[in-house]
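Quick notes on the structure that follows.
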Amino acid sequence: MATGIISLSTVLSIFFILISIPIPSSSCPLHQKQALLRFKSTLTAIFDSNSDPNSDDYMPFTRTIAELHLDAVVPLFDNPVSVYSDILNPLFEIRSLRLLDISMNSLVGEIPGDGFGNLTGLVHLDMMQNGFNGSIPRQIFRLTSLRYLDLSTNSLQGELGPELGSLRNLTTLTLSVNRFEGLIPRQLFELGLLHTLDLSNNTLEGGLSSEVGKLRNLESFKLNENYITGNVPEEIGNLTNLRELSLARNRFSGGIPDSIVNLKNLESLDLSENSFSGQIPSNIGELRHVTTLDLSKNQLTGPIQSSIRNLTRLETLRLKNNMLTGEIPSWLFKIKTLKKLFIGGKGSRLIWNHTSKIVPRCRLEQISMPSCGISGQIPKWISTQKALDFLDLNSNQLQGGFPNWLAEMEVGSIILSDNKLTGKLPPQLFESISLSILALSRNNFSGELPENLGTASRIMILMLSGNNFSGQIPMSISNIYRLLLLDLSRNRFSGDKFPVFGDNPLLAYIDLSYNEFSGRIPVTFSTETQILSLGGNKFSGELPVNLSNLINLEHLDIHDNDITGNFQDVIPQIPGLQVLNLRNNSLKGFIPKTISNLTSLRILDLSGNKLTGNIPLEIGNLARMIETPDLLPSVDIFNFFIEFQDLILNWKSSFQGISSRNLDIYSFLNLADNRISGKIPATLGNLKGLKLLNISHNRISGDIPVSFGNLKDIESLDLSHNEISGSIPQSFSNLNQLTILDVSNNKLRGKIPTGGQMNTMNELSYFANNSGLCGMQIRIKCPEDIQPPGGQEMDDGKLSWVSWEGVWVGFPVGLFSSILFMAYALNFIYLFKFW
Ligand SMILES: *[C@@H]1O[C@H](CO)[C@@H](O)[C@H](O)[C@H]1NC(C)=O
Ligand SMILES: *[C@@H]1O[C@H](CO)[C@@H](O)[C@H](O)[C@H]1NC(C)=O
Ligand SMILES: *[C@@H]1O[C@H](CO)[C@@H](O)[C@H](O)[C@H]1NC(C)=O
Ligand SMILES: *[C@@H]1O[C@H](CO)[C@@H](O)[C@H](O)[C@H]1NC(C)=O
Ligand SMILES: *[C@@H]1O[C@H](CO)[C@@H](O)[C@H](O)[C@H]1NC(C)=O
Ligand SMILES: *[C@@H]1O[C@H](CO)[C@@H](O)[C@H](O)[C@H]1NC(C)=O
Ligand SMILES: *[C@@H]1O[C@H](CO)[C@@H](O)[C@H](O)[C@H]1NC(C)=O
Ligand SMILES: *[C@@H]1O[C@H](CO)[C@@H](O)[C@H](O)[C@H]1NC(C)=O
Ligand SMILES: *[C@@H]1O[C@H](CO)[C@@H](O)[C@H](O)[C@H]1NC(C)=O
Ligand SMILES: *[C@@H]1O[C@H](CO)[C@@H](O)[C@H](O)[C@H]1NC(C)=O
Ligand SMILES: *[C@@H]1O[C@H](CO)[C@@H](O)[C@H](O)[C@H]1NC(C)=O
Ligand SMILES: *[C@@H]1O[C@H](CO)[C@@H](O)[C@H](O)[C@H]1NC(C)=O
């Protein structure tokens with residue numbers, strides 16, 4: 001079988017990333033010390049073996065060590081420079097060194113320039129995948145005999161200086177995955193012996209040459225945005241020995257230089273993920289040796305150039321996510337060598353010609369043709385592609401059933417989401433031992449899932465959301481030991497018996513929402529579960545106490561069910577829980593003080609239940625609602641997948657619900673529609689990170705705490721339908737993000753505060769049914785504002801009304817649209833019913 005597009009090891013390494021993020025520590029942890037010692041002893045061993053002048057093989061190492069590989073012996077995560085430079089120092093004495101490979105260690109800090117500058121005989125220097133930071137020291141540019149220089153996958157930064165041009169003998173230059181920025185120095189194009197140039201994944205730009213830096217006396221220089229086009233200079237065509245060129249994942253723009261076709265030795269050209277525009281050079285077919293052509297994720301327009309058919313060695317063609325137009329040429333499938341074809345995708349305007357008959361001569365392993373306007377049945381010619389391992393035809397207009405021939409092809413990944421496919425899934429599909437991704441979301445498949453589902457025990461991702469499947473989940477599903485993600489949401493699955501997932505070591509994401517499941521909430525999930533979404537079903541009974549055994553749970557969503565019991569008895573005790581959504585159930589009891597033990601909680605929705613009692617003071621201790629959320633990269637397994645896969649369209653839309661990265665920065669608290677009474681605790685004002693607070697439709701009395709003026713991020717505040725009295729505190733004028741304020745149906749009186757966003761709160765119904773509110777927002781003058789009669793004064797009064805209106809017009813609507821999106825994403829629509 002062909003290997004899957006993502007192998008198990010990939011998945012495991014994703015997990016590794018998740019679990020093993022080193023915890024920074026100022027002291028040197030024991031394991032690091034041990035590693036350090038191990039490194040030292042390795043070095044000593046190398047040295048010692050040569051240090052006995054009487055031994056037969058004595059050779060002073062300073063002359064004989066020509067090659068030194070220090071392979072992955074030093075997992076030192078965050079030790080300061082001095083520690084490792086002490087270790088490296090002996091190396092710098094070895095003048096005869098020709099090859100130095102310290103790749104894939106964990107060396108950190110700046111590259112010790114002096115030391116490397118001493119290694120004047122170096123031909124091959126490989127420092128990839130360490131933690132080096134700072135800029136490339138100049139001394140490295142003096143190592144003029146270097147032929148091979150790999151500094152990739154570090155944290156190096158700064159501009160690539162013109163000194164790079166001194167390394168005349170370089171044949172391989174790999175600077176990818178760093179933080180280099182700025183323009184490519186012209187001198188780079190003088191390195192005529194280069195056969196491999198990889199500058200990918202930095203933030204380099206094309207455009208002006210470094211010569212600009214020589215204009216020392218220039219006083220004023222206008223860098224108009226239109227002026228810097230960020231082109232890759234035509235001189236790139238001077239590097240005629242290049243066999244590999246990657247400028248991927250930078251910020252290059254402008255056209256692809258025509259001179260690129262001078263690079264007649266090119267075997268691999270990767271310009272993906274930049275902003276290249278214009279057409280693909282029409283004579284690109286002259287690059288006869290090219291096996292990989294990757295222009296995906298740019299803004300290229302025009303047709304798929306017909307000269308591409310002359311690329312008789314082409315194996316990989318990636319043109320996805322551009323704005324290419326015209327017909328998808330049928331000759332593509334006549335390129336005998338073609339193995340991987342990625343076209344269409346976001347922005348694509350390519351057309352599929354349904355009348356042209358495709359008789360492939362290629363032997364494709366990967367076909368990705370999303371958004372290509374393919375209609376009718378799944379094209380039959382695909383069945384001739386016997387080595388097919390990856391098939392992605394999402395977002396087309398495919399109709400008809402899941403073909404038996406496809407079910408029998410042993411394809412590793414099948415992605416057919418967002419089409420109009422119908423009928424049952426053929427059981428043969430699950431006889432496959434290769435199937436690892438099956439994504440059929442948003443079609444019109446129906447019927448029960450085949451009982452033999454679990455025979456396909458290698459499935460990692462199973463996404464069937466938004467179809468018309470019915471019946472129970474086949475019990476055999478628990479045999480799928482590699483299952484990582486299970487999305488069966490929005491179907492008509494039913495039943496109260498659930499497969500046991502306890503032994504599935506990877507299963508982290510389970511979405512069964514919007515089906516017709518009934519019975520008690522199942523607790524047969526693996527303790528690895530991070531996201532559990534069961535909303536919109538017919539679950540009933542109490543929340544099982546042993547849900548708390550799911551210690552890795554971050555999102556628990558059971559909204560729109562009929563869960564009963566006392567909240568205080570069943571509140572899950574999971575410190576890592578970030579989202580708890582129990583909206584629209586039948587919970588009784590009260591919110592216990594121990595709510596503050598859920599120290600990670602960001603989103604809590606208990607609305608639409610039958611909770612009584614007070615809002616506990618302790619709710620003001622919920623740390624994640626207090627801190628202003630920042631944009632820390634979310635440790636989110638699914639984002640990793642999005643990066644790994646070409647599934648972006650697919651995944652983004654199915655993941656919006658829960659793991660959207662943005663969602664991580666919002667915090668919501670919704671206690672609306674219960675029977676909560678008592679006063680509002682002033683501690684609620686501590687929750688400075690809240691975007692939305694809703695305690696409406698309860699029996700809350702007393703005053704609005706002045707501390708609400710501290711809710712500096714709040715955008716929507718709903719206190720309506722309670723028995724709140726007193727006046728609206730003046731501190732509300734500090735709420736600079738406030739977009740919606742509903743205090744209607746209370747017993748409030750007095751002047752509505754003015755200032756800041758408060759001046760824009762002029763929706764009358766949000767103030768209705770109170771006991772005497774007044775203010776310019778609702779066009780009711782407050783007693784204190786009514787001036788004694790007298791022409792002059794009245795005029796002033798009129799004037800001020802007019803200017804208020806002006807202020808109102810001038811205020812922006814804040815960020816509410818983003819909240820609305822998030823609300824939609826989380827099915828918080830209900831919150832906004834008052835809209
Ligand atoms: C480089 O060599 C000089 C002598 O030429 C020596 O003094 C210096 O210590 C060496 N640098 C390092 C870091 O080893
Ligand atoms: C490089 O990393 C070290 C610690 O790893 C840090 O102390 C130093 O400030 C960093 N230097 C730069 C230029 O970022
Ligand atoms: C560059 O390579 C050539 C040919 O191999 C060699 O003669 C020359 O000495 C090298 N230059 C340096 C600075 O090592
Ligand atoms: C690009 O580099 C950044 C770090 O600089 C890294 O997080 C990201 O995963 C890299 N992307 C790829 C595709 O290598
Ligand atoms: C590139 O080659 C052209 C001739 O084809 C030459 O005029 C130009 O100087 C070269 N540029 C560089 C930077 O070597
Ligand atoms: C393919 O190459 C041949 C010469 O080998 C040339 O005549 C022809 O025009 C090329 N086709 C395209 C479409 O560029
Ligand atoms: C589709 O292909 C057929 C046969 O190759 C051709 O005759 C027809 O013009 C094409 N249709 C369009 C719209 O290009
Ligand atoms: C789905 O398929 C059924 C028949 O299997 C059909 O009745 C129904 O209209 C289809 N629904 C949609 C939305 O296409
Ligand atoms: C789902 O299937 C049933 C028949 O099994 C059909 O009546 C219904 O229209 C289908 N629903 C949709 C949304 O297609
Ligand atoms: C919860 O308890 C039930 C039976 O009491 C058991 O079957 C299930 O495995 C438990 N679940 C967890 C997650 O511990
Ligand atoms: C509450 O959930 C039930 C299903 O359990 C649903 O029918 C109802 O529409 C939901 N109510 C609201 C207000 O969302
Ligand atoms: C809540 O945390 C406190 C300590 O902060 C601890 O004493 C108590 O047992 C915890 N309660 C529960 C129910 O875990």
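Counting starts at 1 for both ligands and their atoms, following the listed order. All values derive from a computational prediction rather than experimental measurement.
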Worksheet item: Who passes salt bridge (charged side-chain N to carboxylate O under 4.0 Å, His left out) against E286, sequence neighbours left out?
Response: K264
Worksheet entry | Under 3.5 Å: N/O of N133 near N/O of ligand 2 | yes
Worksheet entry | All side-chain contact (heavy atoms from CB on, under 4.5 Å) counterparts of S246, not counting sequence neighbours | D198, S200, A248, D270
Discussion item. Strictly by side chain to side chain donor-acceptor pair (under 3.5 Å), give each pair with a member in residues 134-144 just once, sequence neighbours left out.
Written reply: D114-Q139, R138-E163
Discussion item. Go through it in stages, so that I can follow the logic: the residues are L287 and L293, the test is side-chain contact (heavy atoms from CB on, under 4.5 Å), and I'd like the CA-CA distance, side-chain angles, deciding distance and then a yes or no.
Written reply: CA-CA 10 Å; L287 298 175; L293 179 60; 5.8 Å; no
Worksheet item: Is the count of non-hydrogen atoms from other residues, nucleotides or ligands lying under 6.0 Å from K334 atom NZ greater than 12?
Response: yes
Worksheet item: Heavy atoms, side chains only, cut-off 4.5 Å: are P379 and I374 in contact?
Response: yes
Worksheet item: Which ligand 2 atoms does E110 reach within 4.0 Å, using its non-hydrogen atoms?
Response: 11 (N), 13 (C)
Worksheet item: Which bit of T144 gets closer than 4.0 Å to ligand 3, counting heavy atoms only: side chain, backbone, both or neither?
Response: both
Worksheet entry | Side chain to side chain, F342 and D392, heavy atoms closer than 4.5 Å | no
Which N/O atoms of ligand 7 sit under 3.5 Å from a protein N/O, and at what distances?
unit_1   : atom_1 : unit_2 : atom_2 : d
ligand 7 : 2 (O)  : N353   : OD1    : 3.4
ligand 7 : 2 (O)  : N353   : ND2    : 2.3
ligand 7 : 2 (O)  : T355   : OG1    : 3.4
ligand 7 : 11 (N) : N353   : ND2    : 2.8
ligand 7 : 14 (O) : E327   : OE1    : 2.4

